[in-house]
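For reference, the structure is listed below as structure tokens.
Protein chains get the first letters and strands the later ones, always in sequence-line order, with residue 1 at the start of each. Because only heavy atoms are used, hydrogens play no part in the values below, and waters and symmetry mates are left out as well, while side chains stay in. Because the structure is a prediction, the values reported are computed rather than measured.
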Amino acid sequence: MQNNSEDLLKKIIAHAKEYGYIFQSSEIYDGLSAVYDYGQNGVELKNNIRNYWWQSMVQYHENIVGLDAAILMHPTVWKASGHVDAFNDPLIDNKDSKKRYRADVLIEDYIQKIEKKIDKEITKAQKRFGDAFDEKQFRQTHPRVVENLKKISEINKRFNQSLESGDLADVKKLIETLNIVCPVSGTCNWTDVRQFNLMFSTQMGSLSSDAQTIYMRPETAQGIFVNYLNVQKTARMKLPFGIAQTGKAFRNEIVARQFIFRMKEFEQMEMQFFVKPGQEMEWYDYWKNERMRWHLSLGLPSEKYRWHNHEKLAHYANAATDIEFLFPFGFKELEGIHSRTDFDLNAHIKHSGKKLHYFDPETKESFVPYVVETSIGLDRMFMAILCHAYKEEQLKDGSTRTVLSIPAPLAPYKVAVLPLLKKDGLSEKGREVFNSLKKHFMCQYEEKDAIGRRYRRNDAVGTPYCVTIDHQTLEDETVTLRDRDTMAQERISIQELIAKLREVLSFSS
RNA sequence: GCGGAAAUAGCUCAUCUGGUAGAGCGACAGCCUUCCAAGCUGUAGGUAGCGGGUUCGAGCCCCGUUUUCCGCUCCA
């Protein structure tokens with residue numbers, strides 16, 4: 001099973017390259033790790049996914065508008081969002097078990113152990129003293145508890161100090177002093193603590209002397225938050241309303257793996273929905289349903305989707321769930337739906353000193369809205385579709401065919417025009433049909449090779465329909481329309497072709 | 001980042017224990033052909049990931065490096 005799924009992923013990666021979907025970045029220079037380029041077909045599929053998302057979010061919801069904020073933002077944005085601090089994880093490896101840990105987590109776990117000891121003392125004392133037990137007093141007076149509490153505060157103080165001053169050597173010392181051991185190997189044989197900043201930084205200002213460090217955004221959401229009042233006022237939006245944005249984001253992933261699933265440069269499709277405080281759960285549920293409906297509208301099977309509710313919440317959320325998709329390597333996160341509270345807006349109020357309150361003209365109240373976020377990885381969606389679409393079929397005649405059953409409206413090319421033979425005027429007729437279709441659909445014309453070979457080639461690229469011009473076409477202006485998935489053909493008049501293709505290529509059909 | 005595996009033509013792979021690289025498929029040009037990758041002819045494509053070392057001689061042995069895949073953490 002493991003080997004099969006690995007093989008499958010390898011085949012998909014090879015197929016994606018062979019048919020112009022995904023190339024590795026800078027391949028001729030040995031590639032750049034965890035960065036990929038989209039080829040001629042990849043860019044079409046990606047554009048189509050993005051457009052369908054945009055249409056579903058912005059066009060179909062009158063209370064959602066779009067935005068395209070810049071990748072580069074004022075450095076304080078990332079201070080406010082918590083990315084500068086929260087995503088600066090100090091990491092440490094145990095040399096014996098080869099396991100990697102976050103140094104702060106190791107220390108927190110250690111503190112938790114001490115807290116458990118304190119709790120034990122308290123429950124013991126509670127039993128002994130019964131109703132007369134005063135926990136507050138006990139905490140202040142019991143020698144062992146006092147000592148442990150003091151220890152905790154000392155550890156916290158030293159750890160925070162070392163982190164803030166960037167003294168990672170001291171973090172290691174602290175771990176060694178406390179004799180924190182690896183839960184796997186049980187040893188205290190640690191590497192140095194290293195800091196991995198998840199944000200890419202660059203210099204702004206052409207003179208290096210007065211250049212300042214700025215970051216490439218690690219998420220698109222902050223561009224929405226800092227603009228939310230601009231949009232609200234100029235679009236005259238009333239709560240609840242949403243702002244949608246697609247765009248690149250950058251993360252210096254420690255471990256980037258699994259093809260385009262986790263990349264250093266990736267594209268997000270996010271919508272931040274601003275609501276009245278207290279209504280966030282209602283809208284959280286609403287968007288959970290809406291987003292799942294969107295996924296299922298693509299025709300991907302519901303068995304390949306599942307929910308994953310977060311138990312441990314990020315610093316900005318009060319509820320969070322993921323839509324996971326069954327990739328060849330298991331169920332993995334595809335989209336997140338988070339109730340982000342007023343954390344981000346409040347943080348920007350605090351750091352910018354600007355009032356970002358929403359004034360409700362009806363109730364005459366002024367308040368900071370709560371935010372419900374839907375955030376999907378475009379590249380992951382691309383990969384989900386690609387993985388689902390890739391099929392190796394065993395045909396009745398014993399032959400095999402490789403087909404990409406991409407949802408027809410998303411396919412890079414919608415239709416291929418194929419003259420049955422390259423003579424008898426079929427080419428000319430084919431060109432004529434092709435020219436009439438290409439204004440309406442992404443369309444390809446092919447006359448080389450046997451017709452069967454061309455069908456298979458289009459199956460492999462994922463083109464959902466082939467129009468074949470044969471001798472009958474010259475007599476009665478009809479062509480055959482071949483379906484990629486069923487390989488069935490129907491004869492149809494050239495006149496009806498555009499209307500017919502429109503019908504089968506739309507999501508509403 | 002740590003550990004394991006891999007890297008030869010566009011793709012899939014050969015090259016037996018070191019003796020200056022081959023096949024199939026694909027691509028391209030042409031011929032043949034009335035519907036599902038399998039007819040015929042010809043052409044182009046590789047300084048074996050890259051850089052060192054050992055050797056008379058390295059695709060093969062050694063070291064380094066890059067990339068990919070797998071396990072450990074996080075996330076869209």
- Nucleic acid footprint by protein, nucleotides 43-49 of chain B - heavy-atom cut-off 4.0 Å, B for base, S for sugar-phosphate alone: ------B

Find every protein N or O atom lying less than 3.5 Å from an N or O atom of nucleotides 24-26 of chain B, and list the pairs.
{"from": "B:rG26", "atom 1": "OP1", "to": "A:Arg453", "atom 2": "NH1", "distance (Å)": "2.5"}

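- Residues satisfying the ring pair (Phe, Tyr, Trp, His ring centres under 6.0 Å) criterion with A:His15, sequence neighbours excluded, are A:Tyr19, A:Tyr390.
- Evaluation of the side chain to side chain contact (heavy atoms under 4.5 Å, CB included) rule for A:Ser375 yields A:Gln268, A:Glu270, A:Glu373 as partners, not counting sequence neighbours.
- With sequence neighbours left out, the side chain to side chain donor-acceptor pair (under 3.5 Å) criterion links A:Gln24 to no other residue.
- With sequence neighbours left out, the side chain to side chain contact (heavy atoms under 4.5 Å, CB included) criterion links A:Lys332 to A:Phe261, A:Phe327, A:Phe329.
- Across residues 486-497 of chain A, A:Met487, A:Gln489 each have a non-hydrogen atom less than 4.0 Å from an atom of RNA chain B (numbered order).
- Residues satisfying the side chain to side chain donor-acceptor pair (under 3.5 Å) test with A:Ser436, not counting sequence neighbours, are none.
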Show which side-chain atoms of residues 460-469 of chain A pair as donor or acceptor with protein atoms under 3.5 Å away, not counting sequence neighbours.
{"from": "A:Thr468", "atom 1": "OG1", "to": "A:Tyr455", "atom 2": "OH", "distance (Å)": "2.7"}

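- Residues passing the ring pair (Phe, Tyr, Trp, His ring centres under 6.0 Å) test with A:Phe274, sequence neighbours excluded: A:Tyr228, A:Phe241.
- The ring pair (Phe, Tyr, Trp, His ring centres under 6.0 Å) search around A:Tyr370 returns none, not counting sequence neighbours.
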- Message: Could you spell out the base pairing of RNA chain B as a dot-bracket line? Use Watson-Crick and G-U wobble contacts where both distances are under 3.5 Å, [ ] for crossing pairs, | for partners on a different strand.
- Response: (((((((..((((.....[..)))).(((((.......))))).....(((((..]....))))))))))))....

